Amino acid sequence: MRYLPLTDADRSAMLEKIGAPDVDALFVDVPEEARLDGPIHGLPMHASEMAVEKRMRRLSKKNLAAADAAFFLGAGAYKHHVPASVDHIIQRGEFLTAYTPYQPEIAQGTLQMLFEFQSQVAHLYGCAVANASMYDGSTACWEAVAMAGRIARGKKRKVVLSGALHPHYAEVVKTMAKFTDDEIAHARPAMQAAPDNEGLIARIDDDTASVVVQYPDILGRVTDLAPIAEAAHAKGALLIVVNTEPVALGALKSPGEMGADIVVGEGQSIGVGLQFGGPYLGLFAVRDPKHVRMMPGRLCGETQDAEGKRGYVLTLSTREQHIRREKATSNICTNSGLCALAFSVHMTLLGEAGLRRLAMENHRLACIAADRLAKVPGISVLNDSFFNEFTIRLGTDARTVVRKLAKQDVLAGVSLGRLFPEHADLADGLIVAVTETTTEEDIETLAAALGEVLA
């Protein structure tokens, strides 16, 4: 079967039917600068399978893989060890299902896994109920904002974003808010040892529907969320907490325990791997069960069949393709089932004690790294508190330093200039992430390389 079976006549007939002059007319909504102006430059129009494999191997060698470098990148995606058993288990036949597990009688393995996954996420976040996952952390963040707006029933439309929220998450919220009546109140990031909680609280008023904070925040700082929750609730607003590093919750108090109403985040750290940027896994949970019907996505539940045997079903699936239609809580069309399975398997293998040990090892190595880097001339550590990620100041543009060190096979971290290009005063900041995969030799390599570049 031909890969492109349509003839020119077929295409012309279809274009004529929809009233389009040519194929390019189908892409008029895409900005011109984002469109290809022809075939991809540098690639032949066709080649044999062997030639393609050879060319792709050559191209792949241009990548600097995480396993081949001293690796300190973080800021929302973390390099953790994923046991080989995770990959083995997720391929078992019990978890094979159609695109969506509509028919519970033939999808019991997947439905049970999602039920267990929900239980794990709810426990991790200190919440009552979690859904069956979402696409990623940033879209989960927006869905939480939209959910808070539904709960406010249009009476309040202001959304207060912390300046320490990951800028990519903030941009997703701002982009989606263009299609709603939400007013986004976003502060600039503050380069200081502790988050500006007082400034955040001062921006909460009677029109505020939700307050969004990150824990630990984009600079790696850890703060007590209880005063923010209290201030938000005093104004009738919901507190939304974003967590991009779930391993941290093996050592830190959960957001739900501190009064968060909705907790969302990225689940990539557990079971999923970096995977060159995706696919990833959105986590979503609520503290109060009364808000369950306002949740986006789907929810798996446990039940009994006519014979009294335990079984699993889709209890809630309130997306637009179902009977909810215009009343749907989300247009998210599915959950990240395979990534959720990997998360759940890895979490099960760890257990609560294993997660706590993993978290403490992350923190131990991060403390060693922070102490060592603080001794490098010209470097200062910003944070008073952190888990496995902290910010250092280099006294020079961090982007330049990162590029120089990458040529030495040292991925030193994520520069604040890259994340916040519009704020020149943050340009010397570098976010350094340390996990259990980091060795003390890696830390010494980073310290030596930074010392040499900054000398």
Side-chain angles (χ1 to χ4, degrees), residues 64 66-81 164 166-168 189-195 214-222 243-245 247-248 251-252 266 268-269 274 358-420 426-454:
L64 178 56
D68 298 331
F71 189 90
F72 296 90
L73 301 181
Y78 303 91
K79 180 189 173 187
H80 289 284
H81 174 67
H166 196 302
H168 296 170
M191 195 74 148
Q192 55 194 42
Q214 185 170 325
Y215 173 81
D217 69 22
I218 186 59
L219 302 183
R221 302 170 301 189
V222 180
N243 169 260
T244 63
E245 172 54 296
V247 174
L252 303 176
E266 177 56 63
Q268 171 272 325
S269 280
L274 287 168
L358 176 63
M360 295 313 297
E361 178 65 3
N362 274 243
H363 183 58
R364 183 186 73 84
L365 288 165
C367 288
I368 292 173
D371 290 343
R372 178 64 183 89
L373 294 179
K375 295 177 182 178
V376 177
I379 291 180
S380 61
V381 176
L382 178 71
N383 303 56
D384 283 340
S385 63
F386 57 87
F387 170 61
N388 68 350
E389 190 168 33
F390 54 88
T391 299
I392 59 176
R393 303 200 73 162
L394 305 180
T396 187
D397 192 324
R399 284 170 289 190
T400 302
V401 174
V402 166
R403 294 187 193 104
K404 288 181 179 179
L405 265 58
K407 294 178 181 179
Q408 303 176 34
D409 291 348
V410 178
L411 299 176
V414 178
S415 63
L416 291 183
R418 177 183 175 186
L419 292 177
F420 301 97
L426 304 182
D428 72 331
L430 182 68
I431 304 171
V432 177
V434 179
T435 72
E436 77 284 357
T437 65
T438 309
T439 66
E440 294 190 32
E441 181 182 357
D442 290 334
I443 294 170
E444 191 58 41
T445 298
L446 174 63
L450 282 171
E452 182 179 332
V453 169
L454 297 175

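Remember, predicted model here, so these are calculated numbers, not experimental data. One is the number of the first residue; the rest follow in order along the sequence.
- The shortest side-chain heavy-atom distance between Ile431 and Phe390 does not fall under the 4.5 Å cut-off.
- Enclosure of atom CZ in Arg418 is not indicated, since only 12 or fewer non-hydrogen atoms of other residues, nucleotides or ligands lie within 6.0 angstrom.
- Put simply, the side chain of Thr391 reaches to within 4.5 Å of the side chain of Met191, judged on heavy atoms.
- Put simply, the side chain of Arg393 never gets that close to the backbone of Gly378: no donor and acceptor are under 3.5 Å apart.
- Of all the heavy atoms in Ala190 and Leu219, the pair that sits closest is O-CD1, 3.8 Å.
- For the pair Val453 and Gln408, the minimum side-chain heavy-atom distance is below 4.5 Å.
- For Ser415 against Leu430, the heavy-atom pair with the smallest separation is N-CD1, 3.8 Å.
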Quiz item: After noting the C-alpha distance and the side-chain angles of Thr445 and Asp442, does the key distance pass the side chain to side chain donor-acceptor pair (under 3.5 Å) rule?
Solution: CA-CA 5 Å; Thr445 298; Asp442 290 334; 5.2 Å; no
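- A donor-acceptor pair under 3.5 Å is formed between the side chain of Thr435 and the backbone N or O of Lys79.
- Annotation: side chain of Phe71 is not in contact with side chain of Val410 (no heavy-atom distance under 4.5 Å).
- Closest approach of Glu389 and Asn383 over heavy atoms only: O-ND2, 4.3 Å.
- Val434 places a side-chain heavy atom less than 4.5 Å from the side chain of Phe72.
- Closest heavy-atom contact between Leu274 and Ala66: CD1-CB, 3.9 Å.
- To the nearest 0.5 Å, the span separating CD on Glu361 from NE2 on His81 amounts to 13.0 Å.
- In this structure, Ser385 contributes its side chain and Val222 its backbone to a donor-acceptor pair below 3.5 Å.
- No hydrogens or angles considered: a donor-acceptor pair under 3.5 Å links the side chains of Asn388 and Glu245.
- Using cut-offs of 30° and 60° for the angle between ring planes, the Phe386 and His363 rings count as tilted.
- Taking CD of Glu436 as the start and OG1 of Thr438 as the end, the distance is 8.0 Å to the nearest 0.5 Å.
- In this structure, Ile218 and His166 approach most closely via the heavy-atom pair CD1-CD2, 3.5 Å.
- Nearest heavy-atom pair, Ala366 versus Phe387, reported as atom, atom and distance to 0.1 Å: CB-O, 3.5 Å.
- Remark: Leu358 CG to His80 NE2 distance equals 6.5 Å, nearest 0.5 Å.
- Between Leu405 and Leu411, every side-chain heavy-atom pair lies at or beyond the 4.5 Å cut-off.
- Two residues are said to be in side-chain contact when any heavy atoms from C-beta on lie closer than 4.5 Å; Thr396 and Asp428 fail this criterion.
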